[in-house]
Number of protein chains: 2
Amino acid sequence: MNQFVKNTLKDHSLRNTLCREDILETFLSREVALSHGDLEHSLGEKFDRVTIYRTLKTFLEKGIIHKVLDEEGMRYALCKERCTEHNHHHDHVHFKCSECGQTNCLESLHIPSIQLPAGYHAQEMNLLIQGLCAACSEN
Amino acid sequence: MNQFVKNTLKDHSLRNTLCREDILETFLSREVALSHGDLEHSLGEKFDRVTIYRTLKTFLEKGIIHKVLDEEGMRYALCKERCTEHNHHHDHVHFKCSECGQTNCLESLHIPSIQLPAGYHAQEMNLLIQGLCAACSEN
DNA sequence: TTATGTTTTGCAACGCTGTTGCAGGATAAA
DNA sequence: TTTATCCTGCAACAGCGTTGCAAAACATAA
């Protein structure tokens, strides 16, 4: 059993359960953003749909994962930088490949700041770029 | 009956039907991005849910409206600049107010260009900013 | 190790979103 | 007015996401 997984759960005062371990390990092994459906499919019949939903919700609240918007729906990805319940910093860019369909975080890129019209105040930004990823544009 | 509505339908070789007229007029009168549910609610029992879905799909394909991503789901907004079936330019910013919940297009702002990692090629960009809109930040 | 209180899970059920097939009805053009 | 084409409504379905509740699993302290 992965020690990182155990530590992550402990650090966020979450009980160590099989479902949580498996979901965290799935996020670690696949490196792209995953939807609820991806997880359900990947974990087989091992856990109830509802449990997966609740686990994702818990991880979101604890800052272990973050949402990734997509034209096809909601996906989730591990927070690499250290996030807490009250301090998130997800101003990195999300890239969705129109060829292979995978979505991942471009951690190295940050959203440039933008001058908003008078009176507008930004709290959160979310940039999704769609196109060809490095692997797919080689062909 | 609004002449703009009739022209818009004609220009895109779409038949002039009550449902299409009403949906276009709803987009014109409310100035924010609307979800399917908003339209369904706003139009009452006048049309079948399926018809509204199909109308939105048609308008999307014709370039009359465009998608607006949102943590809560999909919304749609009128294309102000002239878009055609094959030539869209929606690099403007979408703003969602966390107070009043309304989402609108900041047509004046464009997404700054970003240097992607080697091998990545962008086709489409989508920036959603969440925060307080001008009206809500006055209070 | 066992007993305890608290957290998680699975199940059943529900509402909402979005899609498809098909038959009947409306539209535009001759 | 006729006709071919396009739209609409209905029925049905699959998927997403949530809630309430009882049973099971967990962590802690004895």
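As a basis for the values below, the full set of heavy atoms in this structure was taken, side chains included, without hydrogen atoms, waters or symmetry mates. The sequence lines fix the lettering, A, B, ..., with proteins before strands; numbering per chain opens at 1.
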Distance, rounded to the nearest Å, where A:Phe59 contributes CZ and C:dT8 contributes P: 10 Å
Under 4.0 Å protein heavy-atom contacts per nucleotide of nucleotides 24-30 of chain C, with B for base, S for backbone only and - for none: --BBS--
Parallel, tilted or perpendicular: rings of B:His36 and B:Tyr53 (30°, 60°): parallel
Whole-Å distance separating the NZ atom of B:Lys57 from the C1' atom of D:dC7: 14 Å
Atom-pair distance (CD on A:Glu21; C1' on D:dC26), nearest Å: 12 Å
side-chain hydrogen bond (donor to acceptor under 3.5 Å, both in side chains) partners for A:Ser137, two or more places apart: none
Separation of atom CG in A:Leu24 from atom P in C:dT8, rounded to whole Å: 14 Å
Integer-rounded Å distance: D:dC7 C1' and B:Ile23 CD1: 12 Å
Listed partners of A:Lys67 passing side-chain hydrogen bond (donor to acceptor under 3.5 Å, both in side chains), at least two apart: B:Glu71
Residue pair A:Tyr76 / A:Leu39, side-chain heavy-atom distance below 4.5 Å: no
Close residues, residues 38-56 of chain A, relative to DNA chain C [heavy-atom separation under 4.0 Å]: A:Lys46, A:Phe47, A:Asp48, A:Val50, A:Thr51, A:Arg54
A:Leu34 CG to A:Arg75 CZ distance, which is reported to the nearest 0.5 Å: 8.0 Å
Whole-Å distance separating the NZ atom of A:Lys6 from the C1' atom of D:dA27: 13 Å
Side chain proximity check, B:Glu21 to B:Asn16, heavy atoms < 4.5 angstrom: yes
Inter-residue atom distance B:Asp22.CG - B:Thr17.OG1, 0.5 Å rounding: 8.5 Å
A:Cys97 side chain reached by A:Asn104 side chain, heavy atoms, under 4.5 Å: no
Atom-to-atom span, CD of A:Glu61 to C1' of D:dT18 - whole angstrom: 13 Å
Partners passing side-chain hydrogen bond (donor to acceptor under 3.5 Å, both in side chains) against A:Glu31 (at least two apart in sequence or in another chain): none
Rounded distance (nearest 0.5 Å) linking atom SG of B:Cys79 with atom CZ of B:Phe59: 11.5 Å
Flag for B:Ser35-B:Asp38: side-chain donor and acceptor within less than 3.5 Å: yes
For atom NE2 of B:His36 and atom C1' of D:dC16, their distance in whole Å: 16 Å
For DNA chain C, the residues among residues 67-76 of chain B that have a non-hydrogen atom under 4.0 Å from it: none
